[in-house]
Structure formats: C-alpha cells, structure tokens
There are 2 protein chains.
Amino acid sequence: MSPHLPEQCSHCSMYFDAENFCAKLSDDELVALNAQSSLVTIKRDEAVTEETQKLHPVMAISSGVLSLQHLLHDGRKTIAAILMRGDILDLRNSTRNQLGALIALNSVTLCRLSPVVFDAAIAENPQARMLAWANITDQTFRAINHAADLAKKQALEKLASFIFEIRNRDVRVPGNDHVHIPIRRRDLAEYLGMQPETVSRCFKDLAGRGIIHVSDLSVIRILNAPALRRISNGDRSPKGGRLDVPSFNVLVADA
Amino acid sequence: MSPHLPEQCSHCSMYFDAENFCAKLSDDELVALNAQSSLVTIKRDEAVTEETQKLHPVMAISSGVLSLQHLLHDGRKTIAAILMRGDILDLRNSTRNQLGALIALNSVTLCRLSPVVFDAAIAENPQARMLAWANITDQTFRAINHAADLAKKQALEKLASFIFEIRNRDVRVPGNDHVHIPIRRRDLAEYLGMQPETVSRCFKDLAGRGIIHVSDLSVIRILNAPALRRISNGDRSPKGGRLDVPSFNVLVADA
DNA sequence: CGGCAAGTTGAGCCAGGTCAACTCCGGTGG
DNA sequence: CCACCGGAGTTGACCTGGCTCAACTTGCCG
C-alpha cells in the first residue's frame, strides 16, 4: 500500500470491499480522485444539500442508507429507492427526470467525487469502468424489480420480497438466516408503498406462521426460507406450491 | 458517409438519432461493431430467446417497444419496465437479480451487439461512452420514478404520470399535445399495476373532465396540461381538474 | 360479413388504508 | 433512581378505491 494512500480512503469501505469502484483504482488514481473529493456525514432525516448535488453530482455511498424520496402535493411521501454502501450516484443527467430529495435513513457517510476525475478514472481504468457500469446496471435492475414488486404484489408478498432484497444486498456472509433491517418500520412502509400499520400486521402474520422470528426491531431471523420465497413469488395456495422460480411460458421467435 | 457503412446501420434509428449510441461511433467502429452484431425483428407477444440473451447479452432497441415482464406463481403478470428506441440493455450481470422475460409489445427491431466490440467502443470513444452511460443512468431514474408512481399514487394519478412519461420519451417534437400510446390498454394496465377495467374508467374520467381527448385508442390529445400535471403530482384539491388556476406546479423535489 | 380479441360498463366485495387509542422504549432531568 | 416525555410501533374498528366477475360493445383481420 502506497504511503500516499489518502487517509480518508484507507478507512473507507469503498476501498476495502473488493467489489467496489475505489478498490479497483491504482494508488495514483485514488490520490487524484481524493484530491478533488470529500467525505461528508449526514445524520438521519437530513438531506444531501442542493449545493452538494450541484458541486458534486457524482457521489458514492461509503456507509449507511440513503433514500431517494418523492413527495406528492398532498403530503404523501414515497421512498423511491434506497442506496447502500458501494452504490454510485450520478446526478449529471438527472435534470430531465425530476429526481426527488436525497435523505439519509440513518447515519450516512457519503463520498463526494469530482466528476472530472471520476470520468478520467472510468476512461483509463477498465476494471473501474466495469465495476461502475456493473453497479449502475445493477441499480437499474434493482429498481425494475422493485417496481415489479410494487405493481402487483400484495402487502405480505412485498414484505417477503423486501426481506430477500435486503439479505441479498447485505455485505455479510450470504446464506445467513439472520437479516439486519437497517431502516425504521415507517421508512420500510414508505419504500414498499404501504402504511406502517400494515407492515406491522404483516410481520406479525409471518411470525405467527413460524416463517420468521422477529427478535429486535432491526433483526429478523428466517426460519422457513422456502415458504418465505413462495410468498414473495406470489404463491397464494395455502400449503404453497413448488418452490422453483416462476417459469415464463412464452412464445419464442428470434434466433 | 463512408462507403463501408453497414447497410443495416444506415437505416437504423440508433444511427440517425443524434442522441443515440451508434450515432457517436466512427464509421470504422460502426463497421467493427456491426460485423459481430445482428438485427432481428420480434413480433408482438414474442420473447427474446434465451439463446439471444446468452449469445448477445448486450442489445439495443432500434424500434418498437420491448417489455420486461415478471410473472407470479398464480398467474399475475407485471410489466416491470418498457424499453424504447435507443435504450441499451446489458444483461451481463443480471444473473443475481432474476430478470423476467423480455417480450415485445409491438413489432420490435432489436440490434444484438457483440459485448466485446461494445466494450471496446465504450473504452475508446468518449462520446459513445458518455451516451451509453447517460442512457443507463436515465433508465435507472426512469425505473425509480416508475417505482415511486406505483408506490403511492392512485389509479388516476398513475395514468396521468404515464401520459407524461410517454410524451417525454417520445422522439417527436416536444410540446406537442398529441401523445401516441404505443401499447395496448391491457399492457398499459400491467405496466401501471392496475386492471384494464380501471384504466378504461380512468381514461373516461379524464376525458369527462375535459383534460384529455381520446380520439383513437392509440392517440390522445392533452387539452389541459396543467390540470393533468396537478393530478399526476397527487394534488387532490377539490376540483382537481378544472381550468381554474393554471399554476406551474412542477414536482416538488424538497421543501 | 363472421369470428375473435380488445376494450368497456355495471354490481358487489375485500385488502389494505385511515383514524384513534394504546404500548413500548430510550433519553432527560429532578 | 425514578418520573416524565416524545417518537416509534402496535392493535382494533371502520371505510373505500380499485379488483373481480360477468355481460356487453367495439374494432380488426381474413
């Protein structure tokens, strides 16, 4: 490790997680990027300022959970997306799509990058380019899946899907049946497009059926993963059907 | 224009639309990309084959509307995303997120690219890189906005938002109050997470209030854009539809 | 012009939203 | 150490937007 490695980077998860953008940068690139960047900590319920969005339209989540919130005229609020460690956010061409407010759901460490240096790194470092590209396409698919969840699933099914989504995005060892829920119930409700009351009832329902165990508000344990998966896949049969992935019976016509 | 310009590219919207990836490629790059690529036409209700997805995980929509569909166990179907001309689809790291079926909603012309040559173009051509990046981030924000629409909006509001989404994505002259709806009512319903019956009732409602005029099933005309905007922004104030105050209520980001 | 898919209209019903009351818990100060 | 407070979560009772089902009309293609 180079002695020139910036201090703030040497402690950052973006640098230590092998799957992250910064981890693929050379020390020189890291120094260059860092020289034009700055870490900032945002407390819960605080927003990323307009100024930051303008001056540093490219940023990366180092830790915590950042939400993108939409507000309707009459006060209804929605968490349209949640961003977690390693996610890159490029606001440069978000002007046409009006993007909502960026609000921290817990203490967030944000690395505000220089667009110019970021672009340079993308241009010159193929590995970094691939990782950034992968992160963005991943975010796209995640958003699309989330939209699919919201479109047709019932409350219980949405909650089941959410549990799997969180488990998949968690950095910890996969396969662990303990799932850490990093946000409040009310935020969870807003993300899933439902009311806190309904979320509460659904947790109770799943626990009552012995599918999960809710120890703490922020930790649940999956007791019956296949059953949970069936619910998240929209299987409403009482005893549940088979637990394979839904098959798409479709015509097939290119090739 | 080089005499070597591939025949199929010379007629393709991806090449002629200035905002598109292929338009930024040099003739040489276009020839190289084309040598490893192939156009295919998919008829309505047909799917992009598994084989294509495997062999050509990177593709671009040249014309038509392609949908990404999710199917639940009990048959509920959702259109999670719609892809239109110019959209780039990179399936290479879609394995972790199970992506649904890619199904044409009308006649789709798809350009199946070579990942290798695509990456090379991205690496060497800054303009092409920026455009590809912009397209993907755009898709991400679109998906997020769509998720926000589905989460908390009511049927009428979702339909209003959809009308604006389609108008914004349309290549034709902006500002035109005629909006062409390129998909069937039932597909629209699946995209918005509602029933065809409800879509029908909502169109009737908007027309009845004098906000839109539905001439043909596939063409509507916006008669009162501010009112439509208010509805899409969730303004439920008393006469949410009348021509009273022509306020320029853009969606509030924060505050 | 016949046949079928797509879309519309109407009547009834239920999942989940709404509202209000209550519990739980962590922090604060006397 | 305990009383108090406020925000978060839970529970119960009620209500409604939009789903469901079924019948009907319209539009499209051969």
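In what follows, every chain begins at residue 1, and chains take the letters A, B, ... in the order their sequences are listed.
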Round to a whole Å and report the spacing from [atom1] of [X] to [atom2] of [N].
X	N	atom1	atom2	result
B:Asn106	C:dA6	CG	C1'	16 Å
A:Phe203	D:dT10	CZ	C1'	13 Å
A:Lys153	D:dG18	NZ	P	21 Å
B:Glu157	D:dG17	CD	P	12 Å
A:Lys152	D:dG18	NZ	P	14 Å
A:Leu206	D:dT10	CG	P	13 Å
B:Lys158	D:dG17	NZ	P	14 Å
A:Gln154	D:dG17	CD	C1'	15 Å

Do B:Gln69 and B:Ser67 pair up side chain to side chain, a donor and an acceptor below 3.5 Å, judged on atom types alone? yes

Using the test side chain to side chain contact (heavy atoms under 4.5 Å, CB included), find all partners of B:Asp216 that sit at least two apart in sequence or belong to another chain. B:Ser218, B:Val219

Go through the structure and list residues passing side chain to side chain contact (heavy atoms under 4.5 Å, CB included) with A:Asn135, not counting sequence neighbours. A:Asp87, A:Ile88, A:Gln139

Any side-chain hydrogen bond (donor to acceptor under 3.5 Å, both in side chains) involving residues 191-207 of chain B? Give me the pairs, sequence neighbours left out, ordered by first then second residue. B:Glu165-B:Tyr191, B:Asp205-B:Arg209

Please state whether the phosphate of D:dG18, meaning OP1 or OP2, lies under 4.0 angstrom from any side-chain nitrogen or oxygen of B:Thr198. no

OP1 or OP2 of D:dG7 versus the side-chain N and O atoms of A:Arg44: is any pair under 4.0 Å? no

Ordered by number, residues from residues 182-196 of chain A within less than 4.0 Å of DNA chain D (heavy atoms) are A:Arg184, A:Arg185, A:Arg186

Report, one pair per line, the protein and nucleotides 19-24 of chain C atoms (nitrogen or oxygen only) whose separation is under 3.5 Å.
unit_1	atom_1	unit_2	atom_2	d
C:dC19	N4	A:Glu197	OE2	3.0

Can a salt bridge be assigned to the pair B:Arg184 and B:Asp187 using a cut-off of 4.0 Å between side-chain N and carboxylate O? yes

Name all residues meeting the salt bridge (charged side-chain N to carboxylate O under 4.0 Å, His left out) criterion together with A:Arg221; count only those two or more places apart in sequence or in a different chain, and write none if there are none. A:Asp177

Only counting residues at least two apart or in another chain, list the ones meeting salt bridge (charged side-chain N to carboxylate O under 4.0 Å, His left out) with A:Arg186. none

Axis-to-axis angle for the helix from C:dC1-D:dG30 to C:dG30-D:dC1, ends of five pairs each, to 10°, equals 40°

B:His70 and A:Lys152: CA distance, side-chain angles, deciding distance, side-chain contact (heavy atoms from CB on, under 4.5 Å) verdict: CA-CA 10 Å; B:His70 282 218; A:Lys152 280 281 171 63; over 6 Å; no

Counting heavy atoms from C-beta on, name the nucleotide in D:dT11, D:dG18, C:dT9 closest to the side chain of A:Ser200. D:dT11

Given 3.5 Å as the limit, does a donor-acceptor pair link the side chain of A:Ser13 with the main chain of A:Ser62, or not? yes

B:Asp17 side chain to B:Asn20 main-chain N or O, any donor-acceptor pair under 3.5 Å? no

Under the rule for side-chain hydrogen bond (donor to acceptor under 3.5 Å, both in side chains), what residues qualify as partners of A:Asp74, not counting sequence neighbours? A:Arg76, B:Arg236

Please list, one pair per line, the donor and acceptor atoms closer than 3.5 Å that link side chains of residues 101-111 of chain B to other protein atoms, with sequence neighbours excluded.
unit_1	atom_1	unit_2	atom_2	d
B:Asn106	OD1	B:Val65	N	2.9
B:Asn106	ND2	B:Pro182	O	3.0
B:Thr109	OG1	B:Ser63	OG	2.8

Among pairs that include at least one residue of residues 206-228 of chain B, which meet ring pair (Phe, Tyr, Trp, His ring centres under 6.0 Å), considering only residues two or more places apart or in two chains? none

Encode nucleotides 23-30 of chain D as B, S and - characters from 5' to 3', where the letter depends on protein heavy atoms closer than 4.0 Å: B to the base, S only to sugar-phosphate, - to neither. --------

In Å, rounded to the nearest 0.5 Å, how long is the span from CD1 of A:Ile211 to CG of A:Leu228? 6.5 Å

